[in-house]
Each structure stands twice: as C-alpha cells, then as structure tokens.
Amino acid sequence: MQDILMLEKGVCDLYMHGAIESSTNNISETFKCALNDSLTMQDEIYKKMQSKGWYQTQQADQNEVATLRQKFSNSSMQG
C-alpha cells in the first residue's frame, strides 16, 4: 500500500505540472480532471492505510507552529 500511495502522489505531481504547463484550455482541463481523480484516489488510499494503522501521523508541536507563524507573518510584512 505504501508503494501505491507513493506512486499515486507522483501521478498527482505529474498531472499538476501538466495542468500548469498546458498550452490550451482543453488540455489544461483534461489534466485538472485527471488530477482531481488522482487526488481522490490518493485520499482513499491514505484513509485506508490510516484506518489499518499503516500510516501514522504526529501532532505538530503548537509552540513550533506559533514560532513559524510569527516568523512568516513578519517576513511577509517586510516583503
């Protein structure tokens, strides 16, 4: 399942770049539709893995989140 998830993430990346780099609206829309389908599939794979305990996530440290939020908030005001 891990290999399938990684493959699906790679496919999503390719479709996203295809949509961004497309020379016509028709091609761009085709890539966007394929991307949406792949994102849905990736989400289903992730949820299945998580439900079986095969994909563990960690809660972010709230102090680190606050520090980074402050850092990037300040840098966006300067630029």
Side-chain angles (χ1 to χ4, degrees):
M1 289 290 283
Q2 183 70 30
D3 289 344
I4 294 169
L5 181 62
M6 295 307 293
L7 180 63
E8 196 60 41
K9 287 180 178 183
V11 168
C12 289
D13 187 51
L14 291 172
Y15 286 151
M16 180 196 61
H17 285 286
I20 292 169
E21 302 288 334
S22 296
S23 59
T24 67
N25 285 339
N26 190 32
I27 294 172
S28 179
E29 287 303 315
T30 300
F31 275 115
K32 287 177 186 178
C33 194
L35 174 59
N36 191 48
D37 291 345
S38 288
L39 288 170
T40 299
M41 191 180 308
Q42 181 273 329
D43 187 53
E44 290 170 3
I45 295 166
Y46 164 76
K47 286 177 180 173
K48 183 63 134 178
M49 289 178 69
Q50 189 179 41
S51 75
K52 295 195 174 277
W54 298 342
Y55 197 108
Q56 301 291 320
T57 57
Q58 275 185 282
Q59 199 64 20
D61 180 292
Q62 292 304 304
N63 290 330
E64 290 180 34
V65 171
T67 300
L68 288 172
R69 183 177 289 139
Q70 182 67 34
K71 174 183 175 183
F72 287 109
S73 174
N74 288 339
S75 65
S76 68
M77 289 179 181
Q78 295 171 1

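When each of Glu8, Lys9, Met16 is checked for a side-chain contact (heavy atoms from CB on, under 4.5 Å) with Ser38, only Glu8 meets the rule.
A donor-acceptor pair under 3.5 Å is absent between the side-chain atoms of Gln56 and the main chain of Trp54, judged by distance alone. At distances below 3.5 Å, at least one donor-acceptor pair connects side-chain atoms of Thr67 with backbone N or O atoms of Asn63.
Taking each heavy atom of Leu35 and Cys12 in turn, the nearest pair found is CD1-O, 3.3 Å. Closest approach of Ser28 and Ala19 over heavy atoms only: OG-O, 3.3 Å.
Look at Lys47 and Asp43 and you find a salt bridge, because one of the NZ, NE, NH1 or NH2 atoms lies within 4.0 Å of a carboxylate O, short of that distance.
Residues Asn74 and Gln70 bring a donor and an acceptor atom of their side chains to less than 3.5 Å of each other. Side-chain atoms of Tyr46 and Gln42 form no donor-acceptor pair, as typed in the model, at a separation below 3.5 Å.
Under a hydrophobic-cluster definition in which Ile, Leu, Val, Met, Phe, Trp and Tyr are linked whenever side-chain heavy atoms come within less than 4.5 Å, directly or via other members, Ile4 and Met6 are assigned to different clusters.
Put simply, NZ on Lys48 and CE on Met1 are 7.5 Å apart, with the number rounded to the nearest 0.5 Å.
Ring-plane geometry between Phe31 and Tyr15 is classed as tilted, the angle between the planes lying from 30 to 60 degrees on a 0 to 90 degree scale.
Between Ile45 and Met41, some side-chain heavy-atom pair lies under the 4.5 Å cut-off.
Surrounding CG of Asp61 are more than 12 heavy atoms belonging to other residues, nucleotides or ligands, all under 6.0 Å away.
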Do Thr24 and Ile27 pass the side-chain contact (heavy atoms from CB on, under 4.5 Å) test, and can you show the C-alpha distance, the side-chain angles, and the key distance before you say yes or no? CA-CA 5 Å; Thr24 67; Ile27 294 172; 3.3 Å; yes

